[in-house]
K.L.:
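Following this message is one structure expressed as structure tokens.
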2 protein chains.
Amino acid sequence: MATGRDVAKLAGTSTAVVSYVFNNGPRNVSAETRAKVLAAAEKLNYHPNALARALSFGRTASVGLIVPDIANPFFGELARALEDAAISRGDLLLIGDSALDVDREAQIVAAFVERRVDSVVMVSLHEHPDFSAFTRAGIPIVALHPVDAASPASSVTIDYDAASRAAAEHMIGHGYETIALLNGPSESVGAGHHRRGFAAAVAAGVAAGGASIRTTEVNSATSRADAATMALDWLVTPDRPRAVICATDEQAYGVLHAAHRLGLRVPQDLAVMGFDGTEHSAYAVPALSTVRQPIPLIAERAVGLLRDAESGPVHEVLGHELELRESCGCHDEAGSAHR
Amino acid sequence: MATGRDVAKLAGTSTAVVSYVFNNGPRNVSAETRAKVLAAAEKLNYHPNALARALSFGRTASVGLIVPDIANPFFGELARALEDAAISRGDLLLIGDSALDVDREAQIVAAFVERRVDSVVMVSLHEHPDFSAFTRAGIPIVALHPVDAASPASSVTIDYDAASRAAAEHMIGHGYETIALLNGPSESVGAGHHRRGFAAAVAAGVAAGGASIRTTEVNSATSRADAATMALDWLVTPDRPRAVICATDEQAYGVLHAAHRLGLRVPQDLAVMGFDGTEHSAYAVPALSTVRQPIPLIAERAVGLLRDAESGPVHEVLGHELELRESCGCHDEAGSAHR
DNA sequence: CTGTTAGCGCATTCAA
DNA sequence: TTGAATGCGCTAACAG
């Protein structure tokens, strides 16, 4: 690869001028020499070495993203949105997939620190993540899930408790009397929020004098495969619930599949509610009712916080939205009337 | 961040020794000083600066991956598999999402070149990609789709023509007499392969004296949203086909959704075949019959080619597999008998 | 407006 | 076995 020196030599100038040209500063360059430099660079296929530049400049123009599972479309959409935001700032987004493996997560954290990413956006596998590797390196970090008050990380999230509660209240409003929460692994990051939101909705329903509701919590990994396997056993029993509220869309897809295999009609025999609200949820069979997280907004705010990150951790809470479609029993897009 | 000099100072040695310790060479270090260096590094939270190291060493220990759409689970799974392969080599995988946008693709290519990734794995948006930015920089590249014979890139693919043909032959074997190909955009990268494979199967069927088959090709973007929208209009007409073969699973999901909305039963009223075979296809409603690409193998071979990439472009063709489930009419996992 | 030069942090050759 | 010194490619302060 050609270096700045090669370009300078060919253009008959110094390396400083080459630098000035490619950075539009900090010194001015005459139009004539600028043209010569550009021509030489073109001819030599010169691309400034970002490593050397970063080493000198003290900034890598890159932000790291760590997600638990890049094969989950929710994180795919998130990565997409963050890349949009990063690129429009002139940064490169480095995506790391921890693949639901804590060792892998640690490896990626280390790799990002060593590569001196300017900042990090992270969805950790841990309930109480250890951000010290980043903070000790002076790398600002935004978590996309709630963090401890004492944590050095900023966060951008929706109000999970409220969102879960809204989902549950909606199902209660449908009049379903046996409702199950299909939660993530019971000690997983978000499980407590879904549990609390669900319980709050039930308590409020009872207080309001509604019919008594039987509830249960079951668990599966956050994947459609696990949820389907689990649901295939679970929903075959005669005391299966009338409605299922899932902690993620992925799990909801698994339930939808299991219901189909078992010959259960959704929503007539089993109502299903998801959580996350990726674009895919609209194209499920049947269309999945879900709680939509505002992914583009989350991405935008996350990089926004990174930009002016000097002022200590900030915690932003964004709004969620109930996306009501067919699977919960609201709309009927498939023909036969119900509800 | 602490530097090697800080560590050397605290350990009472020179920076050279620090380097020797962290690289296990090229010189030996006495156990005693080694311990002192390690202790000092630990205390200072020393992480070697990968940029400086790369600048000096001439190697960044990173491989770039460019995919058209990271929100498509096929590419998510691919990224996952490639990250596995890269990490086991001690490399970091940089994932770039071109988001189906050729300008974005060009930006990522430039960013990877400037960051001097050691090699690139790419699924281009172009039918005839221009790899010159990489080749002129001496960066070896593996495409995961067929490339021109004159191309400097290696490739790892399945035989798309044969795979498409196998899918079509299977549907013909079911006895469906009106079969449509839901292809990608007609000038898109893989459209020609699917078209040829489909045509070959039909011709072979006719030659074998089978019943005459009416065929059509329709097109949509490679997304379930587009496919669903398109199918909603298309399948409502009385002359809709009995079977649809899709160029991607994403499009098949869109068809499944549209069929549901239109009250068409799959496979009784409409048989559907996908293509790609990600894990998700097994959990569709109904389970999707599809052509499975061997993603882990593709990933492994891709980084394998990168390792010993000095010997000019290599083209590997891997095997595909027909994954027969419910949507094509083969299995019935949902109760009522048919076929 | 432009050239010279000193780092940025690390790896490594050459001396010791 | 260890230390001093040089270079990787680029930026920016310092001199012209």
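By convention in this document, chain letters (A, B, ...) are assigned in the order of the sequence lines, proteins followed by strands, and residues within each chain are numbered from 1.
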K.L.:
NA contact type, B:Arg53, heavy-atom cut-off 4.0 Å: base, sugar-phosphate, or nothing?
P.N.:
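B:Arg53: backbone/sugar contact only, no base atoms under 4.0 Å.
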
K.L.:
Just the rounded figure in Å: distance from P of C:dG9 to CG of B:Asp6.
P.N.:
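Atom-to-atom, B:Asp6 to C:dG9, this comes out as 8 Å.
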
K.L.:
The side chain of A:Ala16 lies closest to which of these nucleotides: D:dA12, C:dT2, D:dC8?
P.N.:
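Of the options given, the side chain of A:Ala16 lies nearest D:dA12.
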
K.L.:
Grab the NZ-P distance between A:Lys9 and C:dG3 for me, whole Å please.
P.N.:
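That distance rounds to 14 Å.
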
K.L.:
Does B:Arg59 come within less than 4.0 Å of B:Asp91, counting only side-chain N to carboxylate O?
P.N.:
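The answer is yes: the pair qualifies as a salt bridge.
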
K.L.:
Rounded to whole Å, please give me the gap between CG in A:Asn28 and P in D:dA12.
P.N.:
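Spelled out: CG on A:Asn28 to P on D:dA12 is 14 Å.
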
K.L.:
Cut-off 3.5 Å, side chains only: do A:Thr135 and A:Ser132 have a donor facing an acceptor?
P.N.:
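Side chains of A:Thr135 and A:Ser132: no pair found under 3.5 Å.
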
K.L.:
Would you kindly compare B:Ala52 and B:Ser14 by the position of their nearest DNA chain D nucleotide and give the one closer to the 5′ end?
P.N.:
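Its nucleotide being nearer the 5' end, the pick is B:Ser14.
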
K.L.:
B:Arg5 CZ to D:dT2 P: how many Å, rounded?
P.N.:
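After rounding, the gap between these two atoms is 20 Å.
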
K.L.:
Is any side-chain nitrogen or oxygen of A:Ser30 closer than 4.0 Å to OP1 or OP2 of C:dT2?
P.N.:
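Result: yes.
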
K.L.:
How do B:Arg27 and B:Pro48 order along DNA chain C: which one's closest nucleotide is nearer the 5' end?
P.N.:
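It is B:Pro48, whose closest nucleotide lies nearer the 5' terminus.
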
K.L.:
Looking at the side chain of A:Thr13, which of D:dC10, C:dG3, C:dT12 is the nearest nucleotide?
P.N.:
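Selected nucleotide: C:dG3.
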
K.L.:
Establish whether the base of D:dG3 is bridged to the side chain of B:Tyr20 by a donor-acceptor pair shorter than 3.5 Å.
P.N.:
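Side chain to base: pair present.
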
K.L.:
Between the side chains of B:Arg104 and A:Asp84, is the shortest nitrogen-to-carboxylate-oxygen separation below 4.0 Å, so that they form an ion pair?
P.N.:
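Yes, A:Asp84 and B:Arg104 are salt-bridged.
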
K.L.:
Can you find an N or O donor on one side and an acceptor on the other, under 3.5 Å apart, linking the side chain of B:Thr15 with the base of C:dG9?
P.N.:
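No, no donor-acceptor pair under 3.5 Å.
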
K.L.:
Using a cut-off of less than 4.0 Å, is there contact between a side-chain N or O of A:Asn49 and OP1 or OP2 of D:dC10?
P.N.:
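For D:dC10, neither OP1 nor OP2 has a side-chain N or O of A:Asn49 closer than 4.0 Å.
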
K.L.:
From CZ of A:Arg59 over to C1' of D:dC10, roughly how many Å is that when rounded to an integer?
P.N.:
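Taking CZ of A:Arg59 and C1' of D:dC10, I get 16 Å after rounding.
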
K.L.:
Under 4.0 Å from OP1 or OP2 of D:dG9: is there any side-chain N or O of A:Thr3 that close?
P.N.:
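It does not, given that no N or O in the side chain of A:Thr3 lies less than 4.0 Å from OP1 or OP2 of D:dG9.
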
K.L.:
Answer yes if the side chains of B:Asn28 and B:Arg34 hold a donor-acceptor pair under 3.5 Å, and no otherwise.
P.N.:
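There is no such pair (donor and acceptor under 3.5 Å, judged by atom type) between the side chains of B:Asn28 and B:Arg34.
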
K.L.:
Would you say the side chains of B:Glu316 and B:Ser155 form a donor-acceptor pair under 3.5 Å?
P.N.:
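B:Glu316 vs B:Ser155: no donor-acceptor pair found between side chains.
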
K.L.:
CD of A:Glu114 versus C1' of C:dC10: gap in Å, rounded?
P.N.:
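Computing the A:Glu114:CD to C:dC10:C1' distance gives 13 Å.
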
K.L.:
Between P on C:dT2 and CZ on A:Phe22, what's the gap in Å once rounded to a whole number?
P.N.:
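Interatomic distance, CZ of A:Phe22 to P of C:dT2: 15 Å.
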
K.L.:
5'-most contact on DNA chain D: B:Arg116 or B:Gly12, nearest heavy atom basis?
P.N.:
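The residue whose closest nucleotide sits nearer the 5' end is B:Gly12.
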
K.L.:
I need the CZ-C1' distance between A:Phe57 and C:dA6, as an integer number of Å.
P.N.:
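Distance check: A:Phe57 CZ to C:dA6 C1' gives 18 Å.
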
K.L.:
Tell me whether the side-chain N/O atoms of A:Ser56 come closer than 4.0 Å to OP1 or OP2 in C:dG7.
P.N.:
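No, because none of the side-chain N or O atoms of A:Ser56 sits under 4.0 Å from OP1 or OP2 of C:dG7.
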
K.L.:
For C:dA11, does either OP1 or OP2 sit under 4.0 Å from a side-chain N or O belonging to B:Ser19?
P.N.:
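Yes, because at least one side-chain N or O of B:Ser19 sits under 4.0 Å from OP1 or OP2 of C:dA11.
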
K.L.:
For a quick check under 3.5 Å, do B:Asn23 and B:Arg53 share a side-chain donor-acceptor pair by atom type?
P.N.:
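Yes, a side-chain donor-acceptor pair sits under 3.5 Å.
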
